[in-house]
Amino acid sequence: MTDRKSLQTELVHSDYTPPAGFGAFPVAIHHASTVLFKNVAALRSRNWQEKTGYTYGLHGTPTTFTLEARLAEIENGKHCLLAPSGLAAIAMVDFALLKSGDDVLLPDNVYNPNRDIARWLTQDFGVTARFYDPMIGAGIAGLIQPNTRLIWTEAPGSVTMEVPDIPAICKAAAEKSAGGQKVHVALDNTWSAGIAFNAFEHGIDIVMQALTKYQSGGSDVLMGAVITQDKELIQRIALAHMRLGFGVSADDAYLVLRGLPTMKLRFDAHDAGARKVAAWLKARPEIAWVLHPAFDDCPGHENWKRDFSGAGGLFSVIFDARYTEEQTDRFIDSLKLFKIGYSWGGPGSLCVPYRIQSMRKNWTDQGQLLRFNIGLEDPADLIADIEQVFSAL
Ligand SMILES: *Cc1c(COP(=O)(O)O)cnc(C)c1O
């Protein structure tokens, strides 16, 4: 869209043009592996990497091109590529930008499967992966080596919710890049859905999204996306996308498109509900610490306040140290409205335990950690659900 409207309006109105003589809001679902060319000259001249036309189902259809354009618009990016899951999108960035001999930096609180890919790259692909303190800020400059090519960031970090100083990290990388060594900074922006954090404005080169979460909003789709403002960068990533064969289904792309118009309203409702439940938990004697970026005792809260416009439905709590794992497991089992399961961004509230000691280099055990995803239920009912279990503890 040329003249920018508010995000909520943009989410409802897209530039999609339905077939001539037919008008409707939904985007058509185009199924195709083979894409037909009018003649051999058209086949020879079309370049899949330029995305100026359709070449093969793997490289996109009108359905996936529309979703990519809409996601790029939400993030204020220019280019977008879809992947079959959020994790596939992470792998696509790694394989596009890293080769044997290169170095990658990741925050110690990074999404755990991202950490696992980094370890795999180290063990089998000749890349070195090093983990940094997520609160390092400008200090990251001291970790950038001549062979460092990529810095992953995540805001906030998975499970422990520290909010990094993204502008300071990007500034350090940009200073190295200005000296001739290109260091790209990638952000896993899933938590903010691209709604509550404007990544490119803060210096990020590559945004990764797990569309599985808020974009789909239905707990029924796995999909990921990579978004950039840089054409050369997206073409490198597109090469990895093609080589890895990361196609997505047209039906799934449709489900994500269907979620977009309501995404911000849902995100805001998750956010309001989560703050209510988290504030109630904070006042309880059973809970030692609520890890929520909007609370002033969350590490990096001041970064959140400066750079973010919202928070979504996800936060963690640390139980008072007197509660054993057995007790907190029983706590989760006894909840009725909160279901037990991974992921988030869907309508139903979830609660899962994490053994943080096994996921972090530096984490002193302070009590059992549980992560809550606040869904779209009435927060009063969620609080009542937790309260009845607390009284039985
Ligand atoms: C869920 C998630 C992913 C991975 O997404 P999938 O689609 O489940 O592979 C990546 N990063 C973060 C922060 C996530 O929460």
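For the numbers below, each heavy atom of this structure counts, side chains included, while hydrogens, waters and symmetry mates do not. Note that the numbering runs from 1 along the sequence shown for the chain. Each ligand, and each atom within it, is numbered from 1 in the order the structure gives.
No heavy atom of Tyr342 sits closer than 4.0 Å to any atom of ligand 1.
Between Lys231 and Lys78, every side-chain heavy-atom pair lies at or beyond the 4.5 Å cut-off. Between Gln49 and His241, the closest side-chain pair of non-hydrogen atoms is not below 4.5 Å.
Protein heavy atom in closest approach to atom 7 (O) of ligand 1: Thr212 OG1, 2.6 Å. From the protein, the heavy atom lying nearest to atom 4 (C) of ligand 1 is Tyr111 OH, 3.3 Å. Considering only non-hydrogen protein atoms, atom 13 (C) of ligand 1 sits nearest to Asp188 OD2, 3.3 Å. The nearest heavy-atom contact from the protein to atom 8 (O) of ligand 1 is Leu222 CD2, 3.9 Å. Protein heavy atom nearest atom 2 (C) of ligand 1, with residue, atom name and distance: Lys213 NZ, 2.4 Å.
Of the N or O atoms in Ser158, none lie within a sub-3.5 Å distance of an N or O in ligand 1. Polar contact with ligand 1: present for Leu87 (N/O pair, distance under 3.5 Å). At under 3.5 Å, a nitrogen or oxygen of Gly86, whether backbone or side chain, sits near a nitrogen or oxygen of ligand 1.
Between the side chains of Thr324 and Glu326, no donor-acceptor pair is found at a separation under 3.5 Å. Between the side chains of Asp230 and Thr228, no donor-acceptor pair of N or O atoms lies under 3.5 Å. Side-chain contact check for Asn76 and Glu201: no donor-acceptor pair (N or O, by modelled atom type) lies under 3.5 Å.
Taking a cut-off of under 4.0 Å to the non-hydrogen atoms of Ala210, the atoms of ligand 1 that pass are 2 (C), 3 (C), 4 (C), 5 (O). Here is the list of ligand 1 atoms found below 4.0 Å of a heavy atom in Trp344: 15 (O). The contact set between ligand 1 and Glu154, taken as ligand atoms under 4.0 Å from a residue heavy atom, comprises 13 (C).
Phe319 and Phe331 have their aromatic ring centers within a separation under 6.0 angstrom.
Between Phe315 and His292, the ring planes are tilted. Angles from 30° to 60° get that label.
Among residues at least two apart or in separate chains, ring pair (Phe, Tyr, Trp, His ring centres under 6.0 Å) pairs with a member in residues 248-277 are Tyr214-Phe267, Tyr214-His270.
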